[in-house]
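One structure is given below, encoded as structure tokens.
Residues: numbered from 1 along the sequence shown.
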Amino acid sequence: MTATDTAPVESPGSPNDAETAETADTVDTAETGETVDERQPLAELYRDLRTSPKGLSERETARRRLVYGVNELTRRGGRRWPRELLDQFTQPLAILLAVAAVLAWAGGTPALSIAVVAVILLNAGFAFVQEMQAERAVEALAAFLPATTKVVRDGVRGEIQARDLVPGDVLVVAEGDRVSADARIIDGDVLLDLSSLTGESEPVSRSRQPTAAPGSLLEAHDLVFSGSTCTGGEATAVVTRTGMHTELGRIAALSQRGTTERSPLETQVRRATWIIALVAVVMGAAFLPAGLAAGLGWSAAISFSIGLIVANVPEGLLPTITLALAAGVRELARKGAVVKRLSAVETLGSTTVICTDKTGTLTENRMRVTKLWLTGSELDATTPVDDPRALALTQAAAACTTAEAPSTTQPNGTGDPTELALLRLAGEFGVAVDPAERKAARRAIFHFDARLKRMSTIDMDGAAPTVHTKGALETVLPCCTQLLDQQGTAHPLDDPARADLQQAMDRYAAGGLRVLAVAGRTVDAGRTVPDQREDAESGLTLIGLVAMADPPRAGVAEAVVQAHGAGMRIHVITGDYGPTAAAIARQVGIGGRDGRIVAGPELDQLTDAELDVVLAEAGEIVFARASPEAKLRICEALRARGEVVAMTGDGVNDAPALRHADIGVAMGESGTDVAREAATMVLTDDHFATIVVAVDAGRRVFDNVRKFVLYIFAHAVPEVVPFLVFALSGGAVPLPLSVLQILAIDLGTETLPALALGREPAEPGLMSRPPRSRTAGVIDRVLLLRAWALLGSISAALVMGAFFFTLWRAGWHSGDPTGGGTPLHHAYLQATTITFASIVACQIGTAFASRTDRASLFTIGLWSNPLLLWGIAFELFFTAAVIYAPPLQHVFGTAALSPAQLAVIAPFPVIVWGVDELIRWARRSRGTPVAPTTPGPVLSPAQ
Ligand code: ATP
């Protein structure tokens, strides 16, 4: 038996308890901030906490917050940054560079050794700052989702931030809530999931009844604990401990930082980084004999080997990617989608199917009753009429609620929108419900059950206990034996009456209305009030139907068009009636004219193989009257077909499906804490359109990562080719580039534009291409070809051309000496300088080319990424300093270039970008996809 099955007869805290509290004069704990003994008799607990079932006053809570502090767990371990900074130096790539520095020192080139150490320091510092920024971005997300909790203060129920709870507060815990403090139950009963404290996943029942034999605190039957979640029922409890004084606070391990999980993207890039580092080391090692054979001394050969390694190890790549993902997370949060894992950003981009709820996600969740159906008549609910049957229907529907209509203290009311609509109807019919009177009259409540799809209450109607039931017609009808006829008398339910009801229901549903059947009966005099659901919900008389409108939200239809354009399918999984849901789905463009409806019972009949066929064949499906288990089943079936599933949910029972989906999406406004915790992404506005916005952002972040990977990879070719030319010519061609010049490119000119590429605005057509395959890697064949064979090779050709042209103009012939003191030495210095400057010029062209994957640069605008322009400005300034500032000339072995020489390299950026632009144009005209949409990447994700 679950808490929702039982009939917790409402028993407000004993008046004696309250009296005791008011006359109590012991104030020690509330004054000193010490904690109380939560297991002492309730009266004493009230006294010690100086509280009562009516809760504290606002002023008192403000005072206690000063005494007890805010209700938050503080992190142990103090400052973390020194450790994190140190971690940067123990990364394998940093160690590799350190070995290179030692070798350089041992090889007799201390200047190079110092330069490599500078590389290590700068990289570590840079990576550290990036990671801290990324971490801060994720931590800042908490502000978008403040934990709230329901409390009773000054006798009024309201919602506050969980951090403002103080001992003595009266807490209301209902299904789906996360408990925010340790508390003692004073009323009601709940099912608690204590797994975060005990590891036990089976929920336990907790009520006001104390445990017979005192065991451990966590086993006490009348206590609830911070960090646990309520999976059923409702209870009121008085807070005994908050913040670090709670049991959760005491479990030290839980307050320590969790380990950050590595995203598939990171894993992939990490692997790619290693492969490239390995290639760099092999290349560096191979250069050693080649350099010696070409006539270099040992020391020079070693230093060039090291230069090659240092230049090609992509040590900054990972932190740059982490930062790009974190920037994506931050941007998403601003747009209403709080993502809890960095890796979710990339998964979002490959979403192929969205499974969405209807109510509140596609619709406004602001219901209004528009029609009333009674035997033989149909009334327009917006113009109340004087009909005793309509009044009975309205009264019964409104009695069977727990919501509270809007009032001066609660301008929006509280509770389920369906019930708020019924309370509003009652108000319009002049039978407004007063929550206090309703509570006093209530004898039992059988909460709304998402599986049964109905709810019942037993309330005193005058002297007679009366059962009130409302819910889906097909689940209320089996509980009824009679129907209220035109004269207002109960008649046995016959088949024609059933057919009439069904017809009315279908008519309303076709217009997208949500229909509830309302029934009731008086408990016969002398009979006891039923305490079992089955007994209460039997032999009822059906009074009539209420139909309510819940219009589609603005912007949903547009988002659906966008999702379709992006190759995603949308299935609706709802608890509502099929034709109602299908009508709403059609209104927003889901499913088309003949979209298929699969109702709960039909789904239950389908075998897994049959479900696979349905999912494969049908376009977009409305799964109606779906149970929470159905969500999980559909999710698993879709995933087994290779789909990447984003699944929405809001209730406690949705948690398993949210966890199983690739992207579990919880509702921030209407969802339960349990759903929010299980989800990967929380929509702060509950809006379907935000899911599509998030997919768009996910695709953009992934694209941008590819952009800077392309940019960083492309520069390796023009850096390596000069060394190859030197080695392969056996020294007849002097080295076109010095080691320190390579380091200047790596550190000084490359980094800022790479970072700026991570912030590119979305490329046109981003949401009109199909989703990326789940297995498509960020680094694939297309990217490598573009980086090395296209951009890199053109750059290398231009760079070498400029080098030879400069030497040739000075009268150099193959094999001529160019060392210090020779006539050609100055020309040689200028030639290496022009190699350096040419690489920078080609980098600028590569950066502009990398800005788009497929589109023309002109469609996104030359100046639309100001960060990149600043990065390039810095790059040019740094290059000019290296070429023209005498102290830097000395360090980097450069010589000033003449205007004529500069004119030679000036067109390089345009050439590199122009060739790439032409190839992109050719691809567009042939319709060849640039982004991988099929499996078979060079490097596939590890997971
Ligand atoms: P979703 O949000 O998943 O799209 P939903 O909100 O329409 O769907 P449920 O809340 O599970 O789904 O409701 C399913 C059915 O249960 C409704 O069509 C209605 O008939 C009935 N129902 C909903 N709320 C209540 C309630 N508070 N009391 C009684 N019956 C209800």
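- Although no hydrogens or angles enter the test, the distance criterion places a donor-acceptor pair under 3.5 Å between the side chain of Gln901 and the main chain of Ser898.
- Side-chain contact between Leu743 and Val119: present, with at least one pair of heavy atoms (C-beta onward) separated by less than 4.5 Å.
- Under the 4.0 Å criterion applied to side-chain N and carboxylate O atoms, Arg769 and Asp703 are assigned as salt-bridge partners.
- With respect to the salt-bridge test (charged N to carboxylate O, under 4.0 angstrom), the residues Arg920 and Glu917 qualify.
- For OH of Tyr884, the number of neighbouring non-hydrogen atoms (other residues, nucleotides, ligands) closer than 6.0 Å is greater than 12.
- Side-chain atoms of Thr833 come within 3.5 Å of backbone atoms of Ala895 as a donor-acceptor pair (strictly under, hydrogens ignored).
- Without hydrogens or angle criteria, Thr894 side chain to Val882 main chain gives a donor-acceptor distance under 3.5 Å.
- With rounding to the nearest 0.5 Å, the separation of CG in Leu97 from CD1 in Ile306 is 10.5 Å.
- Counting only distance, with no hydrogens or angles, the side chain of Ser850 and the backbone of Leu710 share no donor-acceptor pair below 3.5 Å.
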- Task: Begin with the C-alpha distance, continue with both residues' side-chain angles, and end with the deciding distance and a verdict on side-chain contact (heavy atoms from CB on, under 4.5 Å) for Leu790 and Leu785.
- Result: CA-CA 7 Å; Leu790 180 65; Leu785 276 176; over 6 Å; no

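- A donor-acceptor contact shorter than 3.5 Å is absent between the side chain of Asn123 and the backbone of Ala94.
- At least one side-chain heavy atom of Leu332 sits less than 4.5 Å from a side-chain heavy atom of Leu348.
- Remark: Asp853 engages Arg786 in a salt bridge, criterion side-chain N to carboxylate O under 4.0 Å.
- Annotation: side chain of Asp780 is in contact with side chain of Arg706 (closest heavy-atom distance under 4.5 Å).
- Here the side chains of Met132 and Leu323 are not in contact, with every heavy-atom distance at 4.5 Å or above.
- A 4.5 Å side-chain heavy-atom check between Phe89 and Ile120 finds at least one atom pair inside the cut-off.
- No side-chain heavy atom of Ile794 sits less than 4.5 Å from a side-chain heavy atom of Val717.
- A heavy-atom distance below 4.5 Å is not found between the side chains of Met283 and Phe723.
- Annotation: ring pair (Phe, Tyr, Trp, His ring centres under 6.0 Å) contacts involving residues 810-858, sequence neighbours excluded, comprise Phe858-Trp913.
- A salt bridge (charged side-chain N to carboxylate O under 4.0 Å, His left out) with Glu763 is found for exactly one of Arg700, Arg854, Lys707, Arg851, namely Lys707.
- Using a 4.5 Å cut-off on side-chain heavy atoms (C-beta onward), Val733 and Val725 make contact.
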